[in-house]
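So the structure is just underneath, and the comments pick up after that.
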Amino acid sequence: MRDIKALCVYCGSSTGSHPAYADAARAFGTRMAEEGIALVYGGGKVGLMGIVADAVLAAGGKAIGVIPRQLMEKEVGHTGLSELQVVETMHERKTRMYELSDAFVALPGGFGTMDEMFEMLTWAQLGLHSYPCAFLDVRGFYRNLSAAMDHMVAEAFVKPVQRDQVWFGEDIDALFDWMRHYESMFTPKWITAASVDSNV
């Protein structure tokens, strides 16, 4: 059983086109607080970011934001958090969020959400961490992404064991149960000898 003390949530700075996204963010934040798991996120007060943070706080949980100074100065930083860390760059933000977290979950979001989550997936692939990574698939938002990962496996760009360690689903209970029982299976030497030209 994993002891997850802090969970990093990546999600949109908008609420999307359907109220189900906000409902899921609110439910997820509430569940985190009930589980006694601190939220680590991008520090914003807008969109799904603000909704999940407010839900954690409303349920008596701890919310830690990490935000670049540029965004803080544009007044999108959430000033009511348990803790707000202001850093200088986006790279510092991602590194600090990683350092504070024991697991990573993507709620619906855009390019920034994908960038942050895929960096964690890549680090797991390289053996730089052994933390669970999951996508909360609200209204099938990540259905095509899941299929794309399956295609990467079929075309031999991702190993099946690496794909199998990424969770997709809409059931919050199932997600928390999966994280608690997650076991990392690092597979080294994903670049094979046959793929390297010895004459170069």
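When reading the values below, keep in mind they use all heavy atoms of this one structure, side chains included, and skip hydrogens, waters and symmetry mates.
- Around the CE atom of M114, the shell of radius 6.0 Å holds more than 12 heavy atoms that belong to other residues, nucleotides or ligands.
- Between L39 and K62 there is no side-chain heavy-atom pair separated by less than 4.5 Å.
- Rounding to the nearest 0.5 Å gives a distance of 11.5 Å between CD1 of I64 and CG of L7.
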**Q.** From CA spacing to verdict: salt bridge (charged side-chain N to carboxylate O under 4.0 Å, His left out), R180, E35
**A.** CA-CA 11 Å; R180 281 192 292 263; E35 295 279 341; 3.4 Å; yes
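- Contacts classified as ring-ring contact (aromatic ring centres under 6.0 Å, His included) and involving residues 34-54 (residues at least two apart or in different chains) are not found.
- Looking at heavy atoms from C-beta onward, M179 lies out of side-chain contact with R2 at the 4.5 angstrom threshold.
- Although no hydrogens or angles enter the test, the distance criterion places no donor-acceptor pair under 3.5 Å between the side chain of D137 and the main chain of E170.
- Heavy atoms from other residues, nucleotides or ligands lying under 6.0 Å from NE2 of H91 number 12 at most.
- F176 pairs with exactly one of D171, I37, V105, I4 by the side chain to side chain contact (heavy atoms under 4.5 Å, CB included) rule, that one being I37.
- Between F104 and Y131, the ring planes are tilted. Angles from 30° to 60° get that label.
- Side chain of H181 to backbone of D177: a donor-acceptor contact under 3.5 angstrom is found.
- In this structure, H129 and M120 have side chains that are in contact, with non-hydrogen atoms separated by less than 4.5 Å.
- Formation of a donor-acceptor pair under 3.5 Å by the R93 side chain with backbone atoms of V66 is found in this model.
- Side-chain atoms of Y182 and Q165 include a donor-acceptor pair closer than 3.5 Å.
- In this structure, CE on M117 lies 9.5 Å from CG on L145, to the nearest 0.5 angstrom.
- A distance of 10.0 Å separates OG1 in T113 from OH in Y10, rounded to the nearest 0.5 Å.
- Q162 is listed as a side-chain neighbour of K159, based on a closest heavy-atom distance under 4.5 Å.
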Q: Apply side chain to side chain contact (heavy atoms under 4.5 Å, CB included) to L175 and L136, showing your working.
A: CA-CA 8 Å; L175 171 52; L136 190 63; 4.1 Å; yes
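- You'll find the side chain of F135 reaches within 4.5 Å of the side chain of M149, heavy atoms only.
- Contact annotation: the side chain of K45 never approaches that of L81 to less than 4.5 Å [non-hydrogen atoms, C-beta and beyond].
- Put simply, CZ on R139 and CZ on F141 are 10.5 Å apart, with the number rounded to the nearest 0.5 Å.
- Side chain of S13 to main chain of G47: no donor-acceptor pair is present (N/O by atom type, distance under 3.5 Å, no hydrogens or angles).
- Residues forming a side-chain hydrogen bond (donor to acceptor under 3.5 Å, both in side chains) with E34 (at least two apart in sequence, or on another chain): none.
- Counting heavy atoms from C-beta on, the side chains of T122 and L126 come closer than 4.5 Å.
- T89 is not listed as a side-chain neighbour of R69, based on a closest heavy-atom distance of 4.5 Å or more.
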